[in-house]
Amino acid sequence: MTTMIDPPKAAGFHISQLLYDTRYRSMTIQVIVFLLVMGLGAYLLNNTIINLAAADKDIDFGFLGNRAGYDINQLLIPYSSDSTHWRATIVGLLNTLLVAFLGCILATIIGVVAGVLRLSKNWLTAKIMSFYVESFRNIPVLLWILAFFAVLSEMDRKPRSFRGEDAVNNMWLWDSVAVTNRGTYIPAPIWGDGSALVVITFLLSLLGIWAYGKWSHRRFEATGQILPNFWYKLGIFIVPSLAVFFLLGRPIALSIPEIKGFNFSGGLHIRNSLLALWLALSFYTGSFIAEIVRSGILAISKGQTEAAAALGLRPSRTMNLVILPQALRIIIPPLISQYLNLTKNSSLALAVGYMDLRSTLGGTTLNTTGRELECMLLMMMVYLAVSLTISTFMNVYNNSVKLKER
Amino acid sequence: MNKTAFVSALAAAGLVATGAMAQSSGSATLAAVQEHGAVKCGVNTGTPGFAAPDADGVWKGFDIDFCRAVAAAVFGDPEKVEYTPLTSATRFTALSSGEIDLLARNTTWTFSRDVDLKLDFVGVNYYDGQGFMVPKDLGVSSAKELEGATVCIETGTTTELNLADFFRINELDYEPVPVESFTEAQNQFLAGACDVYTTDASALAAARSAFETPGDYVVLPEIISKEPLGPLVRHGDSEWADIVRWSFNAMVAAEELGVTSANAAEMAENGTNSPEINRLLGREGELGAMLGLPNDFALNIITKVGNYGESFEANIGESTTIGLARGLNAQWTDGGLIYSPPFR
């Protein structure tokens, strides 16, 4: 059979063999497709250059060094209207990273809880979770962002209404938290002398908890005894930091928000734009993560649960010690995509006036300088870099939990 | 069929390429507009009085009238306009990319827009300035009292930059709340998510007129900037810029010369003893032909859209809910800044 398809080579090489000889045909097709793709790329590039020349425009990133001239409300680093466009870009990038970071954490928590509960034997719990997953997963995230924002900003809790003796609205939690239609004001720490020591003690106690966990696990494997780990860990978490705090004479004070003039001052202002974006992205992505978690759990064979039960493990321990660790291997890879989605979806921030990278570099900077191509290119590069970084970290984690084959 | 389409496309591409290299005599934009059968006009997404669809979905307003005037000049029919609603953030890209032929969207004429963004402002159809609006019960009477206020501001506008400068120069703190559109800004302002709404004074008046209780809001006396608003086209087609510029000038000159939509047709038919009116209405000279348009282009604008003053009064004047006085926008003969070069 083979000899009929592949003729002997003796006759020498003919051009027609490129098409009719199976030894060369696939090579020919690949070369042609490669040339077509390169040709298309070259055409697009050339077209851009010609059109830019026709519109009398050049590509120049020099505008990034010019004065920005506009103000940004949420700042993680110092910035004023006298700063450069580059600085504004960094401010926007940090805001993007902030909401992406907070969103990934909350989405994971919501997703895991909802995913596990959707498998609950309790009919009501399972149905409520199904309802959550289906409603969030099937409505565009932009609508959710706008809906959350509308609810927050249409609340009848203007800062003004907190003023006076018989104010319409009151602050919560012993007058320390103010929930208004412009955002939530919470107490913020004021770092006094010696506060660094408290922070260092706190970080050391975190290290202590980790070391204690290791030790108690070894002890458990050696003796089979289980210590009340939670309470010990909670003790290590709280006691040393509090002790140092009081020994040094309370170096960390709290700045309590207070109504002054038009707005609250003092404390930390969590703007409604951040809250709405964070909650909407978390609940939206959380519904996808819930399905990933559910499918991960269902993929573990029932025999594992039964074996754990036969060993006498309680259902919660079966879930924590047997099912979830195995399910994690299946869950992590699609979870990475969800984190990337959340980060990219955060570029819808402009809809609620959250000053992320899209709103600073791709919004006001683009508009005031008119450098569309440069801003868009830069923005694409930044999102690409951020996404690749996230997926690198997650892949490292994935490698650490995946099944080790020897 | 496919092959012919492909060949003609190639030929067209070749023509465009050679046209760009050679000094073309006619206007490429005008040719494209005539072939398309309508003027593609970029307008605001909705500012009452300037550009907003009415109850029947028909676009109405001061800027809309200008789009209609250009259509009347080119086609003799003011209805041959395709409106593209644009946000402040998308307007210039739409114009530079050729998506629209003309932008009439209360856009401030600035140096960098004119020079760096490669745009051509054809004139100023409304002399404006940036103002502030606050709820009356806030008890504020001057913008200098706005220390610590939350301010709603449309992103990508000159007002955003003026605002930053005003508060910095007066050493006041404020919290900007960026919003995407005029409507969104009003929603937030009415919900109390911001204390102050700032934009061009004309737009503030327009916004206030649309509120349920306009009396509960006041516009502060400070005008913190110059905002000459005008229609614009992109660089590179001076012939088209001339058509748009002289369509506007025709409306202004008509008001100055006392030509209105009511008497223009009669004046054109019987002639007048003013040579400038005769030239404007196409009885004398070849002004229209010089633009590549019919000689009665201005007559069409005036009879079908109206002169500058008529358009102003009908859309934003004191008899309307917007209620803007002519002020700086009166004719130069009445102490204003509205002034057309002579039709000669």
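Numbers restart at 1 for each chain; the letters A, B, ... are given by sequence-line order, proteins then strands.
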> Taking side chain as C-beta onward, heavy atoms only, is A:Asn367 less than 4.5 Å from B:Thr155?
Replying inline: no
> If you count the non-hydrogen atoms of other residues, nucleotides and ligands that lie under 6.0 Å from NZ in B:Lys118, is the total more than 12?
Replying inline: yes
> Which residue out of A:Glu154, A:Arg271, A:Met355 racks up the most heavy-atom pairs below 4.5 Å with chain B?
Replying inline: A:Arg271
>> I need the minimum non-hydrogen distance between A:Ser153 and B:Ala193, along with the two atoms involved.
In response: CB-CB, 4.2 Å
> Would you call A:Arg182 and B:Asp195 a salt bridge, using N to O less than 4.0 angstrom?
Replying inline: yes
> Among B:His235, B:Glu175, B:Arg91, B:Arg113, which residue forms the greatest number of heavy-atom pairs with chain A at distances under 4.5 Å?
Replying inline: B:Glu175
> Under a 4.5 Å heavy-atom cut-off, does chain A meet the side chain of B:Leu146, its backbone, both or neither?
Replying inline: both
> Between the side chain of A:Asn263 and the main-chain N/O of B:Gly148, is any donor-acceptor distance below 3.5 Å?
Replying inline: yes
> So which heavy atom on B:Leu161 is nearest to which on A:Tyr70, and how close?
Replying inline: CD2-CB, 3.9 Å
>> Is B:Glu184 in contact with chain A via its backbone, its side chain, both, or neither, using a 4.5 Å heavy-atom distance?
In response: side chain
>> Would you compute the distance between atom CD of B:Glu145 and atom CZ of A:Phe262 and round it to the nearest 0.5 angstrom?
In response: 7.5 Å
>> As an exercise, state the distance from CZ of B:Arg168 to CG of A:Asp82, rounded to the nearest 0.5 Å.
In response: 4.5 Å
>> Within the supplied structure, the quantity of interest is the number of heavy atoms (other residues, nucleotides, ligands) at a distance under 6.0 Å from B:Asp137 CG; does it exceed 12?
In response: yes
>> With a 4.5 Å cut-off on side-chain heavy atoms, are A:Arg371 and B:Asp116 touching?
In response: yes
> Side chain, backbone, both or neither: which part of B:Tyr174 has a heavy atom under 4.5 Å from chain A?
Replying inline: side chain
> Roughly how far, to the nearest 0.5 Å, is the CG atom of A:Leu350 from the CD atom of B:Glu180?
Replying inline: 4.0 Å
> Say you draw a straight line from CG of B:Leu117 to CD of A:Glu372; how long is it, rounded to the nearest 0.5 Å?
Replying inline: 7.5 Å
> Minimum heavy-atom separation for B:Pro178 to A:Asn73, with atom names?
Replying inline: CD-ND2, 3.6 Å
> So what's closer than 4.5 Å to chain B heavy atoms on A:Ala68: side chain, backbone, both or neither?
Replying inline: backbone
> Which answer fits A:Thr369, side chain, backbone, both or neither, if we ask what part of it has an atom under 4.5 Å from a heavy atom of chain B?
Replying inline: backbone
> If you round to the nearest 0.5 Å, how far is CG of A:Leu366 from CZ of B:Phe92?
Replying inline: 11.0 Å
>> Looking at every non-hydrogen atom in both residues, tell me the closest pair between B:Ala191 and A:Asn181 and how far apart they are.
In response: O-ND2, 2.9 Å
>> So, taking the atom named CD in B:Glu154 and the one named OG1 in A:Thr364, what distance separates them when rounded to the nearest 0.5 Å?
In response: 11.5 Å
> If we ignore angles and hydrogens, is there a donor and acceptor under 3.5 Å between the side chains of A:Ser81 and B:Asp165?
Replying inline: no
> Any chance CE of A:Met380 has more than 12 other-residue heavy atoms, nucleotides or ligands included, within less than 6.0 Å?
Replying inline: no
> Relative to chain B, which segment of A:Arg157 carries a heavy atom at a distance below 4.5 Å: side chain, backbone, both, or neither?
Replying inline: neither
> A:Ile72 versus chain B, heavy atoms under 4.5 Å apart: side chain, backbone, both or neither?
Replying inline: backbone
>> Report which part of A:Tyr354 has an atom under 4.5 Å of a heavy atom belonging to chain B: side chain, backbone, both, or neither.
In response: neither
